2 protein chains.
Amino acid sequence: MAEKKSDRTRAAILAAARERFGADGYERATIRAIAADAAIDPAMVMRYYGSKEKLFAAAADFDIRLPDIGDVPLESLGEVLARHFLERWEADDSLRVLLRTAVTNEVAVERMRGIFAAQLAPTLRVQAVDQPDVRAGLVASQVLGFALCRYILGFPPIATMPDDEVVAWLGPTLARYLTSPAPRRLRHA
Amino acid sequence: MAEKKSDRTRAAILAAARERFGADGYERATIRAIAADAAIDPAMVMRYYGSKEKLFAAAADFDIRLPDIGDVPLESLGEVLARHFLERWEADDSLRVLLRTAVTNEVAVERMRGIFAAQLAPTLRVQAVDQPDVRAGLVASQVLGFALCRYILGFPPIATMPDDEVVAWLGPTLARYLTSPAPRRLRHA
DNA sequence: AGCATATGCCAACACCTGTTGACTTTTACC
DNA sequence: GGTAAAAGTCAACAGGTGTTGGCATATGCT
């Protein structure tokens with residue numbers, strides 16, 4: 001049982017940081033506000049995490065483990081992915097933190113890339129899909145775009161859409177990005 | 001010929017503001033930096049635009065006129081829209097400004113909503129599409145998500161994809177959102 | 001008990017932010 | 001050419017930011 005007390009405030013800081021970063025974005029989330037939420041002194045944040053950048057890095061450090069899709073048939077992969085991502089987005093605000101901050105913070109961009117390019121693409125490669133990077137990118141574009149409209153921008157019909165309907169709309173799109181033959185390349189000019 | 005000189009610096013400020021807001025987002029784009037880019041004094045920005053908020057409102061005030069799609073057959077509407085949006089995104093950085101700032105600035109969100117919910121949805125209504133708001137929202141989710149990955153996050157395969165390939169991938173998705181019968185509504189519980 | 005150490009609070013720092021007012025220069029009209 | 005208004009400059013303000021060091025308190029070990 002190593003240092004019980006400090007660990008609890010460390011965790012409180014991290015939780016408050018996640019909430020603030022997710023709600024306000026990187027620049028508007030101030031250390032003072034985070035400290036106030038955690039009911040401790042701003043100096044504690046610095047003592048425990050060194051700097052705002054490092055605090056953010058710690059707050060954004062979690063692993064989004066994609067489910068093992070090795071045995072999922074390619075046809076139903078779209079719906080499976082859609083449902084998984086939806087659950088993941090609503091489970092906690094980790095991904096919302098990443099999305100809100102990725103627009104101005106390079107660390108968040110890298111983390112986000114780690115999920116799609118470095119985790120989804122290799123998983124697709126297992127399924128022997130061609131151009132896995134392109135397909136992973138397309139999936140990312142639809143998933144992130146939907147999350148943007150639903151959780152950040154709050155576009156009315158998207159924000160209130162029931163989960164099942166979301167899966168019904170997004171599933172086929174993701175499925176097409178994963179299974180449809182790549183379009184013939186035209187002249188670059 | 002009303003006040004020539006002032007109009008030129010007004011325009012210079014606005015141009016610099018668009019660039020900075022688009023590159024850095026609302027909070028990190030400082031009035032001092034914008035003024036420096038326009039090679040004028042920060043006080044001039046205030047004299048001409050009153051406040052940072054009003055400057056931003058002015059910088060984000062442009063009309064994205066969607067093309068008249070009244071005579072485009074529904075089948076090819078997806079590709080037409082995909083190509084139009086792509087052109088519009090790359091013509092200037094207006095839309096990039098909106099997207100980068102919409103994450104933390106409410107004015108930008110409203111402008112963005114004005115494009116999709118208040119402009120695209122009614123246009124769809126003309127084509128007698130059912131649930132035009134939902135479909136406009138879905139189109140927004142894919143268009144914005146792709147723009148996010150391509151212009152803001154810079155995901156490698158998406159950022160470098162040739163325009164024709166973009167249209168080939170996104171066109172059918174948008175077409176489906178516009179033409180596919182809405183999925184049966186399940187229980188809300 | 002006493003003491004070293006971990007934990008917490010406070011006040012201040014240096015800097016940057018939007019914003020303001022007074023002052024000087026340029027412009028344009030009679 | 002003189003003069004009033006427009007355009008531009010400069011310095012400063014008030015407030016907020018991340019960050020730091022010193023000091024008080026609590027904790028846990030021997």
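Please read these numbers as outputs of a predicted model, since none were measured by experiment. Below, chain A is the first sequence line, B the second, and so on; all start at residue 1.
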* **Side-chain N,O (B/Thr9) to OP1/OP2 (D/dA7) below 4.0 Å** => no
* To do: With sequence neighbours excluded, tell me which residues meet side-chain hydrogen bond (donor to acceptor under 3.5 Å, both in side chains) with A/Asp163.
  => A/Arg150
* Asked: Roughly how many Å is it from CD1 in B/Ile31 to C1' in D/dT9, rounded to a whole number?
  -> 17 Å
* Structure fact -> Per the under-4.0 Å heavy-atom filter, residues of residues 49-60 of chain A near DNA chain D come out as A/Ser51, A/Lys52
* Spacing between A/Ile34 atom CD1 and D/dT19 atom P, to the nearest angstrom -> 11 Å
* To do: Would you mind reading off the distance between A/Ile40 atom CD1 and C/dC10 atom C1', rounded to a whole angstrom?
  => 14 Å
* Structure fact -> Taken to the nearest whole Å, CE/B/Met46 to P/D/dT9 is 16 Å
* Measure centre to centre between the rings of A/Phe146 and A/Phe155, then say whether the value is under 6.0 Å. => no
* DNA chain C contacts made by residues 100-110 of chain A, counting heavy atoms under 4.0 Å -> none
* Asked: Any side-chain heavy atom of A/Ile64 within less than 4.5 Å of one from A/Leu98?
  -> no
* To do: Round to a whole Å and report the spacing from CZ of A/Arg47 to C1' of D/dA24.
  => 12 Å
* Asked: With a 4.0 Å cut-off, would you call B/Arg83 and B/Asp164 a salt bridge?
  -> yes
* Between the side chain of A/Thr30 and the main-chain N/O of A/Ala33, is any donor-acceptor distance below 3.5 Å? -> yes
* Could you tell me the separation between the OH atom of A/Tyr48 and the C1' atom of C/dG8, rounded to a whole number of Å? => 8 Å
* Once you round it to whole Å, what is the distance between P of D/dT20 and CE of A/Met44? -> 13 Å
* To do: State whether the side chain of B/Gln142 and the backbone N or O of B/Tyr177 hold a donor-acceptor pair below 3.5 Å, judged by distance alone.
  => no
* B/Arg20: partners by side-chain hydrogen bond (donor to acceptor under 3.5 Å, both in side chains), with sequence neighbours left out -> B/Asp24, B/Asp37
* Within 45° cone of B/Tyr26 ring axis and under 6.0 Å: B/Lys52 NZ or CZ -> yes
* Does a distance-only test, which skips hydrogens and angles, find a donor-acceptor pair under 3.5 Å between the side chain of A/Arg32 and the base of D/dG16? -> no
* Asked: What is the distance from CG of A/Asp41 to C1' of D/dT25, rounded to the nearest Å?
  -> 14 Å
* Asked: Hey, are the side chains of B/Leu66 and B/Phe85 touching, using non-hydrogen atoms and a 4.5 Å cut-off?
  -> yes
* Which residues in residues 16-30 of chain B have at least one heavy atom lying under 4.0 Å from any atom of DNA chain C? -> B/Ala29, B/Thr30
* Structure fact -> Hits for side-chain hydrogen bond (donor to acceptor under 3.5 Å, both in side chains) against A/Arg176, two or more places apart or cross-chain, chain-then-number order -> B/Thr173
* Asked: Would you find a donor on one side and an acceptor on the other, under 3.5 Å apart, between the side chain of A/Gln131 and the backbone of A/Ala136?
  -> no
